[in-house]
Amino acid sequence: LVIFCSDNGPHQEGGHLADFFDSNGIYRGTKRDFYDGGVRTPFLARWPAAIQPGQISNHLSAFWDFLPTFSELTRSEKPSGTDGISFLPALLGKEQKEKHDYLYWEFFELGGKQAILKGKWKAIRLNVREIPEKQILELYDLENDPGETINVAESHPLMVKEFMELFTEAREEFSVTP
């Protein structure tokens, strides 16, 4: 089994110019952003004995799903305390019954950032560690706006409320970087 993937989108470090090379295509953002240009990445797998060539899956997964997947591959017990799920069924072209309700990200630097992807919606909170007046909430309908160019938060107050509750539910305090 050979896998090619990344844990984030293109970066700007070391003189790389993501915009010049159009590294993220239609997607907004780069590494350390929670826009799809920063978190949506390629994933290719080759396993001649198990994966049919040309197979495409729309299963949504994240890097924290690797440990449960490889635990299943090696017939090892999935470690406790992980939010990850095995994507082995999707990899093998089978029905992926276990799925995430949503994906949650948090970044501690740059004032603190959070994001949740749920269905066709993505909410992004900026300046999380600032006073409430300086915090920003953005909401995007990825089905109609995959480039995340139109913040629809004002016109979807019920979705904003739901996402604010999810931000509280999903977050766990981490003693190393509270």
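If you're wondering where the values come from, they're calculated on a predicted model, not measured in any experiment.
Aromatic ring orientation, F163 versus F167: tilted (interplanar angle from 30° to 60°). The aromatic rings of F87 and F43 sit perpendicular, their planes meeting at an angle over 60°, well past the 30° parallel limit.
Considering only heavy atoms from C-beta on, L117 comes within 4.5 Å of L142 through its side chain.
The local environment of NZ in K120 is crowded, with over 12 non-hydrogen atoms from other residues, nucleotides or ligands closer than 6.0 Å.
Taking CD1 of I116 as the start and CD of E106 as the end, the distance is 10.0 Å to the nearest 0.5 Å. One finds the CD1 atom of I3 at 8.0 Å from the OG1 atom of T69 (value rounded to the nearest 0.5 Å). The OG atom of S86 sits 8.5 Å away from atom CG of L91, with the distance rounded to the nearest 0.5 Å. Rounding to the nearest 0.5 Å places CG of L103 at 7.5 Å from CG of D65. Remark: W121 CH2 to L139 CG distance equals 5.5 Å, nearest 0.5 Å. Atoms NE2 and NZ, on H59 and K99 in that order, are 8.0 Å from each other to the nearest 0.5 Å.
In this structure, K122 contributes its side chain and F34 its backbone to a donor-acceptor pair below 3.5 Å. A distance-only check finds no donor-acceptor pair linking the side chain of R125 to the backbone of Q114 [under 3.5 Å]. In this structure a side-chain-to-backbone donor-acceptor pair under 3.5 Å is present from Q135 to V128. No donor-acceptor pair closer than 3.5 Å links the side chain of S6 to the backbone N or O of T41. Although no hydrogens or angles enter the test, the distance criterion places no donor-acceptor pair under 3.5 Å between the side chain of D33 and the main chain of G38. No side-chain donor-acceptor contact under 3.5 Å links E130 to the backbone of P132. With hydrogens and angles disregarded, a donor-acceptor distance shorter than 3.5 Å links the side chain of E148 to the backbone of D36. Side-chain N or O atoms of D141 include none that pairs as donor or acceptor with a backbone N or O of D145 at under 3.5 Å. No side-chain donor-acceptor contact under 3.5 Å links K97 to the backbone of P89. Looking only at distances, a side-chain donor or acceptor of Q96 sits under 3.5 Å from a matching main-chain atom of A90.
In this structure, V152 is a member of the same hydrophobic cluster as V160, with clusters built from ILVMFWY side-chain heavy atoms closer than 4.5 Å. Transitive grouping of hydrophobic side chains (ILVMFWY, heavy atoms separated by less than 4.5 Å) brings I51 and F66 into a common cluster. If you chain together hydrophobic residues whose side chains sit under 4.5 Å apart, V39 and F107 fall into the same group. Cluster annotation: I26 is not connected to I150 through the hydrophobic network of ILVMFWY side chains, with a link wherever side-chain heavy atoms come within less than 4.5 Å. If you chain together hydrophobic residues whose side chains sit under 4.5 Å apart, L88 and L1 fall into the same group.
What you find for L166 and Y102 is that their closest heavy atoms are CD2-CE2, 3.5 Å. Residues E154 and P157 share a closest heavy-atom pair of O-CD, 3.9 Å. Contact record, L137 with M164: CD1-SD, 3.8 Å, taken as the closest heavy-atom pair.
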Could you go step by step and tell me if H100 and L60 meet the side chain to side chain contact (heavy atoms under 4.5 Å, CB included) rule?
CA-CA 8 Å; H100 293 284; L60 183 66; 5.8 Å; no

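For the residue pair Y104 and E169, no side-chain donor N or O sits within less than 3.5 Å of a side-chain acceptor on the partner.
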